[in-house]
Amino acid sequence: VWHGNPKRMLIEQLYPGEQDYIDHFNHILPAFKDKRYFCVDGKPLLMVTNLMDIPDLSLFVNTFRRLAKENGLKGLHLVATNVDPDWDLHKHDFDAVTLATHLDPAYYKYANFFAKLYRRIKESRYSPYKKIFKKPNRVFNHKNLIQNYKEKINPKNLYYPTVIPNWDNSPRSGMDGFILCGSTPELFKKALMGAKKEIEEYDDEHKIIFIKSWNEWAEGNHLEPDLKYGHAYLQVVKEVLEDGKDS
């Protein structure tokens, strides 16, 4: 289902069972064996999204881990994303978790409640405001949603922060879009520095931060140079990786 229009099915995602997992693994095995592939503790890192949609998650995990060993790999470093903040990765045999965003969970939940209320009013067939509301349902000021990382999502989990430079998918999603207005390299730097501080206690092998994304232009979510800011976002990454000090 396309989130820009919940009633529109783009590609149906099915989970037909073990053979499908085997075929999937074999398809990406050449990438796992490529010496350039990113590994943790010598194990290829694999991120798995929307885990709650997988009806036989344990079968998927067991199949992938078994096939990794059978094909000469040291194993897999499985990272879960798009899960609830209190999700226990150990229960499902995952190695780490990332929430795929640096947005503050508490503020976002609060703000999203009013966004949903706004949408209900706007879409009501009897609403006198139906023809007045002409902007996307969810528009947030980026500076208000930056997580400060003072508390871990779940202290039992190995947590890899994810930082996003910007977001505006309204060109693709229209009125159902999600917009972070006022995104700047300075705000991105604040979020990235917070993420770096979050992983300071980890050993070097596990000091991992995900940046989302390099070139998702349809979501207004890119690290790639553009006409407005040039290489500024990339310069931020360089500065934070070098010393993490404000400049």
### Query
Is there a side-chain hydrogen bond (donor to acceptor under 3.5 Å, both in side chains) between Asp226 and Tyr233 once you walk through the steps?
CA-CA 10 Å; Asp226 61 17; Tyr233 282 96; over 6 Å; no
How long is the straight-line distance from [atom2] of [Y] back to [atom1] of [X], given to the nearest 0.5 Å?
X	Y	atom1	atom2	answer
Ser170	Asp168	OG	CG	3.5 Å
Gln235	Lys238	CD	NZ	5.5 Å
Ile146	Leu192	CD1	CG	11.0 Å
Met193	Glu198	CE	CD	14.5 Å

### Nearest heavy-atom neighbours spanning Arg65 and Asp93
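For Arg65 and Asp93, the tightest heavy-atom pair comes out as NH2-O, 2.8 Å.
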### Asp41 versus Glu205, closest heavy-atom pair with distance
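Looking at all heavy atoms of both residues, the closest pair is N-OE2, 2.6 Å.
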### Message
Checking Glu224 against Trp217: is there a side-chain donor and acceptor pair closer than 3.5 Å?
### Response
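Checked: Trp217/Glu224 side chains pair up, N/O donor to acceptor below 3.5 Å.
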#### Entry: His142-Asn166 side chain donor-acceptor pair, cut-off 3.5 Å
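No - no donor-acceptor pair under 3.5 Å links their side chains.
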#### Entry: Output field: ring centroids Phe178/Phe140 closer than 6.0 Å
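For Phe178 and Phe140, the ring centres are under 6.0 Å apart.
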Tell me whether [X] contacts the main-chain N or O of [Y] through its side chain, where contact means a donor paired with an acceptor under 3.5 Å.
X	Y	value
Asn169	Gly220	no
Thr184	Leu187	yes
His90	Asn157	no
Tyr37	Leu45	yes
Asn82	Thr49	no
Lys43	Leu73	no

### Query
Where does the angle between the aromatic ring planes of Trp87 and His92 fall among parallel (under 30°), tilted (30 to 60°) and perpendicular (over 60°)?
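Because their plane-to-plane angle is under 30°, the rings of Trp87 and His92 count as parallel.
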### Query
What class does the angle between the rings of Phe64 and His24 fall in, given that below 30° is parallel, 30 to 60° is tilted and above 60° is perpendicular?
perpendicular
### Query
Is Arg66 salt-bridged to Glu18, cutoff N-O under 4.0 Å?
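Yes, charged N to carboxylate O under 4.0 Å.
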### Carboxylate-amine/guanidinium proximity below 4.0 Å for Lys190 and Glu186
no
### Task
Please examine the side chains of Glu216 and His222, heavy atoms only from C-beta on, and report whether any two atoms are closer than 4.5 Å.
no
### Query
Would Thr98 and Thr162 satisfy side-chain hydrogen bond (donor to acceptor under 3.5 Å, both in side chains), going step by step from the backbone distance to the final call?
CA-CA 6 Å; Thr98 183; Thr162 290; 2.5 Å; yes
### Passing candidate, side-chain contact (heavy atoms from CB on, under 4.5 Å) with Tyr21, options Asn26, Asp56, Asn62
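In the set Asn26, Asp56, Asn62, the residue that makes a side-chain contact (heavy atoms from CB on, under 4.5 Å) with Tyr21 is Asp56.
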